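Working notes for the structure below.
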Amino acid sequence: MALKQRSVLPGFGLTMGCTLSYLSLLVLIPLASLFLKSASMSWTDFWATVTDPETLGAIKLSFGASLAAATINAIFGLIVAWTLVRYSFVGKKFIDAVVDLPFAMPTAVSGIALAQLYSTEGWIGRWLAPYGIEITYSRWGVMVALTFIGLPFVVRTLQPALEDLDIEVEEAAASLGATRWQTAWRVILPTILPALLTGFALAFARALGEYGSVIFLSNKWEKVIPMLIFTKLEQYEFADAAAIAVVTLVASFIVLLFINLTQWWSRRYAA
Amino acid sequence: MGIEARNITKTFGTFTALRDVSLSVATGELVALLGPSGSGKTTLLRIIAGLEEPDSGSGAILFHDEDVARRRVGSRQVGFVFQHYALFRHMTVFENVAFGLRVRPKAHRPGRNLIKYKVMRLLKLVQLENMAHRYPHQLSGGQRQRVALARALAIEPKVLLLDEPFGALDAKVRQELRQWLRRLHDEIHLTSVFVTHDQDEALELADRVLVMNEGRIEQIGTPDEVFHRPTTEFVVQFLGQVNFFHGRLEGGKVHFATLAMESPEHAGAPTQAARVFIRPHQLDIGVERSDQPALEAVVLRIHSAGPNVRLELQAKSGERLHAELTQDRYRKLGISTGSTVYVTPREVKVFAEKT
């Protein structure tokens, strides 16, 4: 069996060669070395490291806060994208540009900004402090930072999907007696669900790897995974760091696989 | 009256889509809104449906003598069929048709079995029973439009409105679906209005045709009336090919090219400029000069593939003419490109020039 369809236009050999070398150098080899490094540990050591309360705490915080942040972004990002696509208003271009800011800003800058804003003396933090809610230097601070950096992913993946929505379909639903809520829930949402899931997955993946801004909002007892790995490296515990990285890698792979399966299911009607 | 719309005006910014249009459709009638794009026909249909609001100052909209002008589209009980089907692509055919029943308020929502019964009966009506579990993308254009129709009928609409229902289909499917829709209408007798820019479709399908142009109604009548007794120049020109001459009315006769013909409807009219229209099939063709007044012309092109033969002619007096004759007659004449023929109009349509 031929590996590819013959084409009269050459170029497959060259581009495929480039693709494989590039992906190997950048992705596959570093990942493989990670697995090799952790494989240098004995199974008991490995198990001890990954079941260490500190590690488990970091995994729980990282995945929990990332999922929460991605969920918040999925809901509010949808509203932002809808507003930007459906309505025209003064300052629309400006708001559209603002969406990209978390993407464009160095994460340390956003970290400092958020830390200032949410600290007990900050503009927002001071209103919450009397109720005993402290955002900065807590798990809530982590969530705020992860939500901040994830927003553009949801908005930017949803915009084209919403632009593709056929207004006639909504009119058809209305003419059949559906209320606006029924139309949104039964017609619009299922249609944009694949894009929404993509945005969710991207925001989640981005949040999981975030380091730069989180360090300004977290504390040394509640670390996210990247912070924990960095701490381990500082203490020259390379194998431990690799072990934690491997567990994270497998876990995020499973989460993303699940999201992909959902996405595939939500697209079952597509041509 | 099945549908009545009174004095509807609609402007979009500076563009006036409808100018004081009134329409009435008898119960059980199938009416075509015919016109070129931009004539306001779709806007009128959407206003009747409630998908568009008429300008304030417009009159009432009644379905079966009940004013629905203030009601929203969802409570008007209209079945609306869109040109591009507007099916819910994430739902099966069954779910598409069931949608209108499922979104009803709980008190009026039929039970699961009743929904199934109703949907399957409708799918049978549109001959798609065995497609119930397919998704729209697995169907052909004609099948999709039938699903759209079944979905619209599911809410037991008081009126059925169709916006260019065959516009996105290819010629053969169009023809079949057109005849099928007419049979369906004769079966269910639902008051229906459809929009089209295709005169054949309007003339073949509708009980009455409403010809629209630039936001106004030009003529309302049976297909026979609008075709054979057009009241405006626009209607003459829009309904099929026509030969046009500048002429002059004088003493009950119309003079054009080298001819003079009786024009009884302008018997008492003063001498004035006129516009003369002749349909291609109203031109008699002969190869020998007779005692009849005739235009001498040369055959430029012959299109003989079709039920009738169409000729393109160049008259000696300068006009380019289109004539149509039967295959039989064409063979008897034995003409070819370059032949000289004598053209006699059988019937002309004359309009006094607007001054």
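Below, read A as the first sequence line, B as the second, and so on, with proteins coming before strands; counting in each chain starts at 1. Given the structure is predicted, the values throughout are model-derived calculations rather than measurements.
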(message) Is it true that, when you exclude A:R139 itself, more than 12 heavy atoms of the residues, nucleotides or ligands shown sit nearer than 6.0 Å to its CZ?
(response) no
(request) Under the side chain to side chain contact (heavy atoms under 4.5 Å, CB included) rule, what do A:V187 and B:F99 come out as? Steps first, then yes or no, please. (result) CA-CA 10 Å; A:V187 177; B:F99 184 85; 3.8 Å; yes
(message) Please classify the contact of B:L101 with chain A as side chain, backbone, both or neither, using a heavy-atom distance under 4.5 Å.
(response) neither
(message) Filter on side-chain hydrogen bond (donor to acceptor under 3.5 Å, both in side chains), then keep only pairs touching residues 118-134 of chain B, sequence neighbours left out; what's left?
(response) B:K118-B:E156
(message) Looking at B:H90 and A:L193, would you say the former's side chain and the latter's main chain have a donor-acceptor pair under 3.5 Å?
(response) no
(request) Look at atom CH2 of B:W180 and say whether more than 12 heavy atoms of other residues, nucleotides or ligands are closer to it than 6.0 Å. (result) yes
(message) Just to be sure I understand the criterion: a residue of residues 161-179 of chain A counts if one of its heavy atoms is under 4.5 Å from a heavy atom of chain B. Which ones qualify?
(response) A:E168, A:V169, A:E171, A:A172, A:A173, A:A174, A:S175, A:L176, A:G177, A:A178
(message) Does anything in residues 27-48 of chain B reach chain A? List residues with heavy atoms under 4.5 Å apart, or say none.
(response) B:R46
(request) Measure B:A154 against the heavy atoms of chain A and call it side chain, backbone, both or neither at under 4.5 Å. (result) neither
(message) Counting only heavy atoms not in B:F12 (residues, nucleotides, ligands), do more than 12 fall under 6.0 Å from its CZ?
(response) yes
(message) Taking CZ in A:F94 as the centre, count heavy atoms belonging to other residues, nucleotides or ligands within less than 6.0 Å. Is the count above 12?
(response) no
(message) Going by side-chain hydrogen bond (donor to acceptor under 3.5 Å, both in side chains), name the pairs with one or both residues in residues 101-110 of chain B, residues two or more places apart or in two chains.
(response) B:E95-B:R102
(message) Does atom CZ (A:R86) have a neighbourhood of more than 12 heavy atoms from anything else shown, all under 6.0 Å?
(response) yes
